[in-house]
K.L.:
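Dropping a structure here in structure tokens format, bear with me for questions.
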Amino acid sequence: MRADRLVSLVLLLRQRGRLTADTLARELEVSTRTVLRDIEALSAAGVPVYAERGRHGGFALSPGFRTELTGLNHDEALALLTAGSGRGEQVFGLGSALASAMRKVVDALPESHRASASDAAQRFLVDPETDLLSRRLVIEEVPDTTMIEVRRAVLAGHKLRIHYAATGRTPQWRTVDPIGLVTVRDRGYLLATRSGADRTYRLSRVLAAEELPETAQRPNRVDLDRIWRERSAQFLSGGDHVTVLVRVNPARREDLLDTALAVRAEEPDADGWLRLEVTFQDSRHAEWALWQLSTDAEALSPQSLRTSLRNRAAAIATRYGDLF
């Protein structure tokens, strides 16, 4: 909405001082021409914005133009700014809205809190894109147009029509009653019901969505945490999932967990290694995951998995046997 963009423009000038039209356009994700029109609209409305000509010129506000929110203390402001540095907003398509909200929070702080809270928030980093081993965390992308329709239906309590690509199936249109949205390890999910049956849809597989005018059939109050736990338990108990008892070098624990669906139990082993009971998608998934860990992991059960890994190792040894 233009009104929100005008507010964001004013806050950018308040917090950063003089900015060029190109810089404002990048921050607001609009064209330079749109920025110039917005500057004219602000001036016409009495906002004291003025242009400075020259090589280092740009647009600026007269000093003292601001509002103040005195209800936030330093730690409360720091909590908001730190939370805003995470990536959940990218999963639900709220990146631009969050950036705008953070600008408003900073601008509304009393002068005594503003600089210290902003500086302190820079000392915290939440969920960087890579870990210490330089493994890049993959964020599943969902088109903004699709995510907007999904969010609207969830918040308005309307039925939702989605074009969904289930694994190994031809994409199909289906109408669901949305319950809520969940993000787990940068993957977004839509919790819904379809014809009264529980359904969980991965947002990255929603190819298109349309909010419908009909009211969704759902309870007025919802406990998403409880629903997610229940559906997770159902997921782990169904299909061809296989549970594996494995010993693993503690240094490779995270590598194992990155490939497993779930951890059912964990305890230290006698030699300093860890003994875990983990669930994989199927036997092939389990064999592949443990093979990646080489000698840093040992499958204890089921016996069929131990046999598969032994046969694979024997085949490799045979292939390179002439080297010994």
Side-chain angles (χ1 to χ4, degrees), residues 1 83-84 86-98 101 126-127 137-243 257-264 278-282 285:
M1 294 177 60
R87 292 198 310 279
E89 75 281 356
Q90 297 180 26
V91 177
F92 295 145
L94 294 171
S96 296
L98 180 63
V126 180
D127 288 336
L137 302 180
V138 179
I139 301 176
E140 298 183 339
E141 300 291 339
V142 182
D144 288 343
T145 53
T146 299
M147 197 63 247
I148 288 172
E149 290 295 311
V150 173
R151 281 204 317 266
R152 285 177 176 170
V154 169
L155 298 178
H158 290 166
K159 288 184 178 293
L160 179 67
R161 188 166 176 258
I162 59 175
H163 194 213
Y164 191 73
T167 303
R169 299 182 183 179
T170 302
Q172 294 182 345
W173 284 97
R174 56 198 73 185
T175 299
V176 302
D177 296 299
I179 295 174
L181 294 169
V182 176
T183 176
V184 180
R185 300 179 70 181
D186 295 317
R187 291 179 178 177
Y189 298 88
L190 167 67
L191 305 187
T193 60
R194 184 181 178 203
S195 300
D198 292 343
R199 293 289 185 269
T200 302
Y201 300 101
R202 197 151 151 182
L203 290 175
S204 62
R205 295 175 183 163
V206 178
L207 306 181
E210 177 187 2
E211 179 191 6
L212 301 178
E214 294 86 359
T215 301
Q217 300 300 311
R218 66 181 192 179
N220 293 328
R221 299 181 64 84
V222 64
D223 183 348
L224 282 184
D225 188 56
R226 176 186 59 79
I227 294 175
W228 181 255
R229 288 198 307 271
E230 292 174 352
R231 295 196 180 185
S232 296
Q234 293 172 3
F235 175 77
L236 293 175
S237 63
D240 298 324
H241 297 164
V242 59
T243 298
L257 299 190
D258 281 345
T259 59
L261 292 179
V263 179
R264 294 181 176 271
V278 295
T279 300
F280 291 100
Q281 186 72 42
D282 51 33
H285 179 204

K.L.:
With heavy-atom distances below 4.5 Å as the criterion, would you say the side chains of R231 and Y189 are in contact?
P.N.:
no

K.L.:
Please determine whether the number of non-hydrogen atoms from other residues, nucleotides or ligands lying under 6.0 Å from atom CZ of R169 exceeds 12.
P.N.:
no

K.L.:
For the OH atom of Y164 and the OG1 atom of T170, what is their distance to the nearest 0.5 Å?
P.N.:
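Going from OH on Y164 over to OG1 on T170, the span is 14.5 Å.
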
K.L.:
Compare every heavy atom of R264 with every heavy atom of T279, then report the nearest pair and how far apart it is.
P.N.:
OG1-NE, 2.9 Å

K.L.:
Closest heavy-atom contact between F280 and A260?
P.N.:
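Nearest pair, atom of F280 first, then A260: CE2-CA, 3.7 Å.
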
K.L.:
Testing the basics here: between A208 and T146, what is the closest heavy-atom pair and its distance to 0.1 Å?
P.N.:
CA-OG1, 3.8 Å

K.L.:
Knowing that exactly one of N220, L224, D225 qualifies, which makes a side-chain contact (heavy atoms from CB on, under 4.5 Å) with V222?
P.N.:
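The side-chain contact (heavy atoms from CB on, under 4.5 Å) with V222 is passed solely by L224 among N220, L224, D225.
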
K.L.:
Are T243 and V278 close enough that some pair of their side-chain heavy atoms sits under 4.5 Å apart?
P.N.:
no

K.L.:
Using side-chain heavy atoms (C-beta onward) and a distance below 4.5 Å, is T175 in contact with R161?
P.N.:
yes

K.L.:
Could you tell me whether the side chain of E149 and the main chain of E211 form a donor-acceptor pair under 3.5 Å?
P.N.:
yes

K.L.:
Going from NE2 on H163 to CZ on R174, what distance comes out if it is rounded to the nearest 0.5 angstrom?
P.N.:
9.0 Å

K.L.:
How far apart are the closest heavy atoms of I162 and A209, and which atoms are they?
P.N.:
CG2-CB, 4.1 Å

K.L.:
To the closest 0.5 Å, what do you measure between CD1 (I227) and CG (D198)?
P.N.:
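Spacing of CD1 (I227) from CG (D198) equals 8.0 Å.
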
K.L.:
Take T193 and R218 through the side-chain hydrogen bond (donor to acceptor under 3.5 Å, both in side chains) test and state the conclusion after the steps.
P.N.:
CA-CA 8 Å; T193 60; R218 66 181 192 179; over 6 Å; no

K.L.:
Do the non-hydrogen side-chain atoms of V206 and V142 ever get within less than 4.5 Å of each other?
P.N.:
no

K.L.:
Between V154 and L190, is there a side-chain heavy-atom distance shorter than 4.5 Å?
P.N.:
yes

K.L.:
Would you give the length of the straight line joining atom CG of L181 to atom CZ of R151, rounded to the nearest 0.5 angstrom?
P.N.:
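CZ of R151 is found 8.5 Å from CG of L181.
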
K.L.:
Salt bridge (Lys or Arg N to Asp or Glu O under 4.0 Å), that's the test. Do R194 and D177 meet it? Break it down for me.
P.N.:
CA-CA 6 Å; R194 184 181 178 203; D177 296 299; over 6 Å; no

